[in-house]
Participant: 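One structure is given below, represented as structure tokens, and several questions about it will come after.
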Amino acid sequence: MNGKKIAVFITDWDPNAWGLLLKGIRNRAKLDGYDVYTFNCSGGAGDKRKHDIGEFHIFDLPKLKEFDGMIVAASTIIPTRVVDRLAERIVRSGQPGITLEVSCEGVDFGGIDNVASQRMMMEHVITAHRCERIYFVSGPEGNAESDMRKKAYFDAMREHGLEAPDYNCFTGNYQFDSGIRAVNYFQMLPDGLPQAIVCANDLMAMGVCRRLEELGVRVPDQVIVTGFDNIDDSKDFVPSITTISRPREELGAEACDYIIKRIEDPAFGDGLKCKTSLQIRESCGCEGTNLYVGRRFRTEHFRKMETEANVTRTMNKMMARLTDCDFFSELYICLEDYIDRLNCERFYFCLDSDLINQDNEAKHKWNGENTIYSQMHWRKTGFPENVRVVVARNGKEEISCNDYDGSQILPEEEKQYKSDSDFYIYAPVHYQDNCFGYCVVVNPTSVRYSLGFSQWMLMVGSSIETIRRKNLMNAAIEQLDDMYIRDQLTGLYNRFGFERYSADLIANCIERRQPLVCVFFDLDGLKEINDRHGHEGGDVAIRTVAEVLLEVKDAGDIVTRRGGDEFLVLCSARSDVVENKIGLVEEKLNNRNKTLELPFLVSASAGYRIAFPEEDFNLDELIEEADRAMYENKKRKKKHI
């Protein structure tokens, strides 16, 4: 798409935290008419797990040279090597970029001073509360912000002459449960629980408080607890969390403003710094401020409960519906029903067209070369070469989109709906490291998406994989069944196929009182062909007869190779029709002898018998009679020759 464009890379769906950053970016970009393309995923502990490989794939979708500038919410992306790869791509693109909260070589830095901010908290705990035994709960190893905050903890302890062995620091994952596990760990240390537990973020601090409460330990009377980030829930929590306020919305606006100025003037600036402040609340024991009390607290508390309950109900219903989908067409209906909940102007669900073609074909016929297993592989790197938009909506209106080249990231039809400044959210569609495509949310009412969207994407990817595997399994079963009932040399039915389908034909003849005809064909001179021209020559002769029999068969006829040089045709027809078929077989074989220019002649002898089957009908007797008739004809043919 043309126009002024800024790309944003972020790994977080938390509406309380990084949704504010996106809000700041979006509002600032509108002022100068920039489109914002946000590439978001829920990659977690690293880029080695299959799920995270699939999630981080969305970062590879955009061609950075096509964007005017880039913003990387680097502190949300774990591990840092993913950030480093993004930074390298930005440098190679030659376009201006900024990484937030994490420094990368060659790219401008923007964000808070994590070391100074954490030191501010440590100084408050040590000097204002006179704490000496202080433990620390860090974020994941390799996370730049966590590493800097942990450094500030150890620096402050050392400068104040306080003991801080490594085992006084618990490594968490920034989630609520980390705080619970941290307390379980701390209480097992020789000195037991400390005077204060300083946490690298608010969620872990809340988990610490909850576990201490369960143990009967009072916060802050017995143990002081602090957090970092000043998320909304830190104000609502009981006790409210003393924390460091980082103005994420302001950071987003300032980062966007910085990039726009760098786009206009490449010589502008050398990065940006945002200020932080200490938010004193109940969990440290000081007189708290900004407490939510009374009606306001109750209103917001129950609104959150209602929202979470609605998300849970929606996800449960959607999961139940997705598990019922056997075909992609059913899946698309589920997607359309969910789109309204996204509260966006437009929505595109884009999949690899090869995946759709696979579903439409629904069968993978055995051809002697491709194995069933080879059909199981799917795209592991890169995005589709050809993209098909399977669901597209503009409000309530359906959008009809043509397939488009994978080098683009939006269908051509989007141009007719564009405004002066649009906000796009891209999310990956995958299962583990199998990449299927992506979805695009355009101009959502709120960019503060909840975990529900991430869960929905995960369920959709799993559903696609389930449908795909069902199709492959059905194809495998069909292949195996085909191999069981068909002769591999000719493709005709073998004895098993003959037994399976002849019963239906016989039953139909009995019900309608129609004649049943068995025609027995025998290839002439197969032994002589094998002796003179090898078994390859014999195979050519056998296939030639089989091809001719297939050409002259009518619908409902059962054509079988009984083995060696013998063939059976079971059908319902009058004797004159059967004799015409036998004559047509002879004529077509003569024509093949002329056109194929084989070093031998291909011919077959035939004999047939007709019966009107009853309930106790014996098919084997009819076959034996047709066999005898064929040999009588073969004898007469030899005498004539």
Side-chain angles (χ1 to χ4, degrees), residues 363 365-367 478 481-524 539-596 602-615 617-634 637:
K363 296 179 181 179
K365 292 297 184 182
W366 174 264
N367 60 14
E478 288 182 8
D481 184 67
D482 221 36
M483 293 167 63
Y484 176 73
I485 65 173
R486 289 192 181 276
D487 171 57
Q488 293 298 293
L489 177 63
T490 63
L492 302 179
Y493 288 129
N494 57 21
R495 289 179 181 267
F496 300 112
F498 181 78
E499 291 174 1
R500 176 183 296 182
Y501 295 108
S502 61
D504 291 338
L505 180 58
I506 293 171
N508 188 56
C509 288
I510 293 174
E511 180 182 353
R512 300 185 179 185
R513 298 182 179 181
Q514 293 178 338
L516 179 69
V517 182
C518 179
V519 187
F520 206 111
F521 287 92
D522 187 86
L523 176 61
D524 296 329
D539 288 347
V540 170
I542 291 170
R543 283 197 297 266
T544 301
V545 173
E547 290 168 1
V548 168
L549 291 177
L550 288 175
E551 287 179 10
V552 303
K553 77 179 287 290
D554 293 320
D557 292 0
I558 300 172
V559 184
T560 306
R561 182 189 178 199
R562 284 178 63 85
D565 54 1
E566 297 179 341
F567 302 86
L568 275 183
V569 177
L570 198 66
C571 61
S572 179
R574 301 188 310 272
S575 59
D576 59 327
V577 174
V578 175
E579 290 176 359
N580 286 337
K581 280 189 178 183
I582 294 173
L584 188 57
V585 169
E586 184 177 352
E587 178 184 338
K588 284 183 174 291
L589 286 176
N590 290 333
N591 292 335
R592 293 290 180 98
N593 287 325
K594 296 176 182 178
T595 57
L596 293 178
V602 180
S603 65
S605 299
Y608 73 93
R609 285 292 182 267
I610 299 177
F612 286 86
E614 301 291 343
E615 292 298 333
F617 175 73
N618 190 323
L619 178 61
D620 291 335
E621 292 181 359
L622 182 64
I623 294 174
E624 290 176 4
E625 292 176 9
D627 187 15
R628 286 194 293 269
M630 180 274 297
Y631 272 108
E632 290 296 325
N633 290 334
K634 185 181 284 285
K637 182 188 290 187

Participant: Quick one: side chain to side chain contact (heavy atoms under 4.5 Å, CB included) partners of N590, sequence neighbours excluded?
Facilitator: E586, N593

Participant: Quick check: closest heavy atoms across V519 and F521, and the distance to 0.1 Å?
Facilitator: CG1-CE1, 3.3 Å

Participant: Mind checking what makes side chain to side chain donor-acceptor pair (under 3.5 Å) contact with R562, not counting sequence neighbours?
Facilitator: none

Participant: Rounded to the nearest 0.5 Å, what separates atom OG in S572 from atom CD1 in I558?
Facilitator: 11.0 Å

Participant: Tell me if the CZ atom of R500 is crowded by more than 12 foreign heavy atoms within 6.0 Å.
Facilitator: yes

Participant: Donor-acceptor pairs under 3.5 angstrom involving side-chain atoms of residues 603-610: please list them, not counting sequence neighbours.
Facilitator:
residue	atom	partner	partner atom	Å
S603	OG	D524	OD2	2.8
S605	OG	D524	OD1	2.8
S605	OG	K637	NZ	3.3
Y608	OH	E579	OE2	2.7

Participant: Let me have the donor-acceptor pairs involving side chains of residues 508-518, under 3.5 Å, with sequence neighbours excluded, atom names and distances please.
Facilitator:
residue	atom	partner	partner atom	Å
N508	OD1	R512	NE	3.2

Participant: Quickly, which of L589, I542, V540, V548 forms a side chain to side chain contact (heavy atoms under 4.5 Å, CB included) with V602? Name it, please.
Facilitator: L589

Participant: Which residues pass the side chain to side chain contact (heavy atoms under 4.5 Å, CB included) test with N580, sequence neighbours left out?
Facilitator: none

Participant: For a quick test of reading the model, state the closest non-hydrogen atom pair linking A546 to T490 and the distance between them.
Facilitator: CB-CB, 3.6 Å

Participant: Tell me the ring pair (Phe, Tyr, Trp, His ring centres under 6.0 Å) pairs involving residues 497-518, sequence neighbours left out?
Facilitator: Y493-Y501

Participant: Dump the intermediate steps for side chain to side chain contact (heavy atoms under 4.5 Å, CB included) on R561 and V545, then the final yes or no.
Facilitator: CA-CA 10 Å; R561 182 189 178 199; V545 173; over 6 Å; no

